Amino acid sequence: MQNDIFTAKSWVTLKPHFYAIDSLTLDAQGMDIKTVALVGLKGNTPLKYDYRDNKLYITLNKKYTNTEKYTVYIAYTAKPDELKVQGSAAITDAKGLYFINPDGADKNKPIQIWTQGETESSSAWFPTIDKPDQKTTQEISMTVQSKYTTLSNGKLVSQKPNANGTRTDTWKMDLPHSPYLFMMAVGDFKITKDTYKGKEVNYYLEPKYAPFAKQIFGKTPTMMKFYSDVLGVDYPWNKYAQVVARDYVSGAMENTTATLHGEHIQKTDRELLDGNEEGTIAHELFHQWFGDYVTAESWSNLTMNESFATFGEIIWHGYDEGKDAEDKSRYEKLQSYISSTKNGGKSNISSFLLQ
């Protein structure tokens with residue numbers, strides 16, 4: 001990675017769901033495609049492809065049935081800052097990959113890299129089938145300057161120092177999840193460690209705010225136990241991390257095992273006296289079950305993800321602070337719904353019913 005360009009290599013392993021196929025179409029937004037090849041025991045075989053309209057159309061070497069897996073290798077460069085895309089009311093930008101202060105010119109802002117996949121923006125930094133009804137395992141290796149900390153989904157399985165002062169970190173996700181929930185983050189983060197039933201629960205903050213990590217995020221393990229008990233399904237993933245990013249394009253995002261929060265959640269102990277973001281922390285954690293573990297089939301059902309997470313937020317307030325706090329939270333959510341419809345907004349009735 002350098003400045004606002006992301007040079008990468010991708011190995012995509014697939015098999016047909018039903019019918020035999022001899023072609024593959026991948027979402028690949030704003031990329032320069034260098035190489036497309038079929039991976040074989042004796043080496044790679046170049047494949048014919050056509051790249052247009054942010055789609056990569058690949059002609060395979062034969063027809064593959066639903067009992068055959070094949071792996072396609074793609075070398076490419078992603079240029080998110082050159083991508084012409086629009087955001088939404090909830091997520092104000094959709095270029096997928098963000099370089100914050102890459103040249104270090106702004107002395108008041110850290111250098112960071114982070115991603116935002118929802119809804120179909122992950123394909124701006126790796127070729128994929130960018131739909132919520134696709135689920136896949138993943139392995140991501142990032143080569144960064146050795147002074148930086150990295151985060152991605154799943155487990156950090158290796159850290160390899162390189163001779164040129166960089167380090168390559170590899171993160172592996174063994175359980176399948178949807179492409180929009182893939183993430184990576186790079187920056188000068190200080191990690192504060194916690195646990196839940198032997199699983200890592202870590203908080204990644206800028207060094208200035210690290211002393212207050214437990215005051216900001218410290219109720220997370222208790223939330224994990226509460227939701228596990230209420231749902232009858234224990235926290236389903238191998239770790240849970242929360243990272244805070246600058247200039248984030250939304251409030252927070254429930255990437256599987258690695259939620260990303262906007263900078264507003266970082267507060268000192270004195271600032272926390274005036275209010276905290278426990279509602280958001282609870283909301284994003286509940287998504288690890290509803291949205292990540294159980295995923296909407298299509299974006300038209302996305303409101304169900306959010307409704308369940310809002311419900312989770314409400315019942316957490318009741319568990320943690322009592323009935324009055326739960327009623328207050330429910331009332332505020334209801335007023336938000338009513339206000340949005342009065343102002344001409346479109347709200348799904350499912351949001352109201354769950355509140």
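It should be emphasised that the depicted structure is a prediction, and the values quoted were computed from it without experimental measurement.
- Judged by a 6.0 Å distance limit and a 45° cone about the ring axis, Lys333 is not positioned over the six-membered ring of Tyr337.
- Ser152 and Ala258 make their closest contact through O-CB, 4.0 Å (heavy atoms, listed as atom of the first residue, atom of the second, distance).
- The neighbour count for Lys239 NZ, taken as heavy atoms of other residues, nucleotides or ligands under 6.0 Å away, is above 12.
- The ring of Phe182 has its center closer than 6.0 angstrom to the ring center of His177.
- In the model, His283 has no side-chain atom that pairs as donor or acceptor with a side-chain atom of Glu254 under 3.5 Å.
- Within the 4.5 Å cutoff, the side chain of Met183 has heavy atoms near those of the Leu151 side chain.
- In this structure, the side chain of Trp289 engages the main chain of Val233 through a donor-acceptor pair within 3.5 Å.
- With sequence neighbours excluded, no residue forms a ring pair (Phe, Tyr, Trp, His ring centres under 6.0 Å) with Phe212.
- With sequence neighbours excluded, the residues that form a ring pair (Phe, Tyr, Trp, His ring centres under 6.0 Å) with Tyr98 are Trp114.
- Under a 4.0 Å N-O distance rule, the pair Lys155/Glu200 does not qualify as a salt bridge.
- Note on Lys95 versus Asp81: salt bridge recorded, some NZ/NE/NH1/NH2 to OD/OE distance being below 4.0 Å.
- Other residues, nucleotides and ligands contribute over 12 non-hydrogen atoms within 6.0 Å of the OH atom of Tyr70.
- For the 3.5 Å distance criterion, the side chains of Thr220 and Gln242 qualify, holding a donor opposite an acceptor.
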Side-chain donor-acceptor contacts of residues 190-198 below 3.5 Å, not counting sequence neighbours, with atom names and distances?
from, atom 1, to, atom 2, distance (Å)
Asp194, OD2, Tyr203, OH, 2.8
Tyr196, OH, Ser228, OG, 3.3
Tyr196, OH, Asp234, OD1, 2.7

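- Side-chain atoms of Glu68 come within 3.5 Å of backbone N or O of Thr65 as a donor-acceptor pair.
- Classification of Lys225 and Asp229 as a salt-bridged pair holds, one side-chain N sitting under 4.0 Å from a carboxylate O.
- Salt bridge status for Asp27 with Lys55: present, with a side-chain N to carboxylate O gap under 4.0 Å.
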